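Note sheet for the following structure.
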Amino acid sequence: MRADRLVATLLFLQERGRVTVPEVAAELEVSERTARRDLEALAAAGIPVYSQRGRGGGWSLVGGARTDLTGLTAEEIRALFLVAGPLSATPELRTTLRKLVRALPSTMREQAHAATRAGVVDATDWSRNAVTADAAHRSALQGAVVDGVRVRLGYAGVGRPAGERTVDPLGLVAKAGVDYLVAGTDKGLRTFRLSRVTSVEPTGEPVVRPPGFDLAAAWRTLSGAFQDGMHAVTARARVHPDTLALLQRFLGGCVRVGGPLPDGWTEVWVDGPAAKALAGHLAGLGAGVEVLEPPEVRQWLARIAAELGGMYAGEEPPAPRGR
């Protein structure tokens with residue numbers, strides 16, 4: 001992770017006073033090319049770092065300056081460690097946090113430690129399934145994005161066996177606790193859910209970035225197209241008062257609630273990706289929802305009801321508890 005390396009490089013400079021590229025490479029266990037690039041990145045970022053050529057030369061902090069992060073306010077430090085703390089399960093991030101703590105003024109270290117203990121990330125859903133990618137895959141993709149290296153990506157799509165494709169990693173996006181890779185492919189920009197990544201193999205070839213590429217703008221376009229597909233069909237329905245809260249819990253933002261009807265039911269509009277899929281979602285609510293239109297959704301509901309009736313004909317429903 002480059003942020004980790006930059007902090008480590010800066011602290012190494014601070015400790016030694018003057019360092020050479022081979023010394024930085026050996027200390028951080030990276031190539032000399034990477035070490036030189038990180039030193040140049042520090043200088044470009046405004047850190048008072050300069051290089052001196054010739055015998056006895058190397059890289060130094062101007063005037064022996066020390067960068068101990070005292071430019072950060074207490075609130076900024078708290079915000080930084082609150083964000084980083086829950087992610088510190090990985091060895092790389094634990095190392096980063098330790099180095100950052102050592103660089104803080106002593107009066108702020110206890111607050112930083114407390115912030116790292118203020119949150120936890122649970123990487124499983126309520127079905128106990130992992131919802132985040134393997135840490136090694138995420139780290140490899142982050143490195144490929146930062147270093148600009150094309151990768152062969154092992155990926156298992158929904159209902160498909162894992163396959164391999166060559167992609168240009170352009171950025172990582174986190175949406176509602178789920179991580180995605182935005183990458184260039186032979187079919188244009190695509191998104192890949194990290195939890196479905198099975199392998200990452202750098203090819204050594206440089207990434208091809210679209211001219212003027214902006215990750216935030218690209219994500220808005222890609223996610224917008226996906227969301228449009230999720231709202232391709234809209235059903236108008238009436239919902240029993242006892243079922244309305246359950247409908248909203250199941251389908252969330254796909255439900256728009258209207259006003260009450262004369263019979264005490266509520267008018268709603270429900271979005272879905274297709275008539276069949278929408279009917280499947282609503283069928284589980286039984287007679288608590290009546291779809292009024294469109295006809296396609298009503299027809300699919302009738303078909304589902306007939307299939308289930310044929311399969312479970314003669315079955316007696318369980319008696320309500322407490323009677």
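Please read all numbers here as calculations on a predicted model, not as lab measurements. Atoms considered below: every heavy atom in the structure, side chains included; atoms not considered: hydrogens, waters and symmetry mates.
- Of the charged side-chain nitrogens involved, at least one lies within less than 4.0 Å of a carboxylate oxygen, so that D179 and R138 count as a salt-bridged pair.
- Considering only heavy atoms from C-beta on, T234 comes within 4.5 Å of R256 through its side chain.
- One finds the CG atom of L278 at 7.5 Å from the CG atom of L251 (value rounded to the nearest 0.5 Å).
- In plain terms, the two heavy atoms of A183 and V167 that are nearest each other are CB-CB, 3.9 Å.
- For the pair S51 (side chain) and W59 (backbone), a donor-acceptor distance under 3.5 Å is absent.
- To the nearest 0.5 Å, the span separating CD on E164 from CD on E201 amounts to 6.5 Å.
- Taking CG from L28 and CD from E23, the interatomic distance works out to 11.5 Å, rounded to the nearest 0.5 Å.
- Using a 4.0 Å cut-off between a side-chain N of Lys or Arg and a carboxylate O of Asp or Glu, R33 and D38 do not qualify as a salt bridge.
- Put simply, the residue from Y155, F192, W219 that forms a ring-ring contact (aromatic ring centres under 6.0 Å, His included) with Y180 is W219.
- Listed here is the closest heavy atom pair of L189 and A218: CD1-CB, 4.0 Å.
- Classified by interplanar angle (parallel below 30°, tilted 30° to 60°, perpendicular above 60°), the ring pair W265/H240 is perpendicular.
- Between H137 and V200 the shortest heavy-atom distance is O-CG2, 4.1 Å.
- Side chains of P169 and L181 form a contact here, defined as non-hydrogen atoms less than 4.5 Å apart.
- Taking each heavy atom of P273 and A232 in turn, the nearest pair found is O-CB, 3.5 Å.
- Counting only heavy atoms from C-beta outward, the side chains of Q142 and L172 approach each other to under 4.5 Å.
- Rounding to the nearest 0.5 angstrom, the gap separating the OG1 atom in T166 from the CD atom in E205 is 7.5 Å.
- Between V149 and P202, the closest heavy-atom pair is CG1-CB, 4.0 Å.
- Using a 4.0 Å cut-off between charged side-chain N and carboxylate O, E40 and R36 make no salt bridge.
- The environment of CZ in F250 is sparse: at most 12 heavy-atom neighbours from other residues, nucleotides or ligands sit within 6.0 Å.
- The number of heavy atoms from other shown groups lying within 6.0 Å of CZ (R238) is above 12.
- To the nearest 0.5 Å, the span separating OG1 on T203 from CG on L153 amounts to 12.0 Å.
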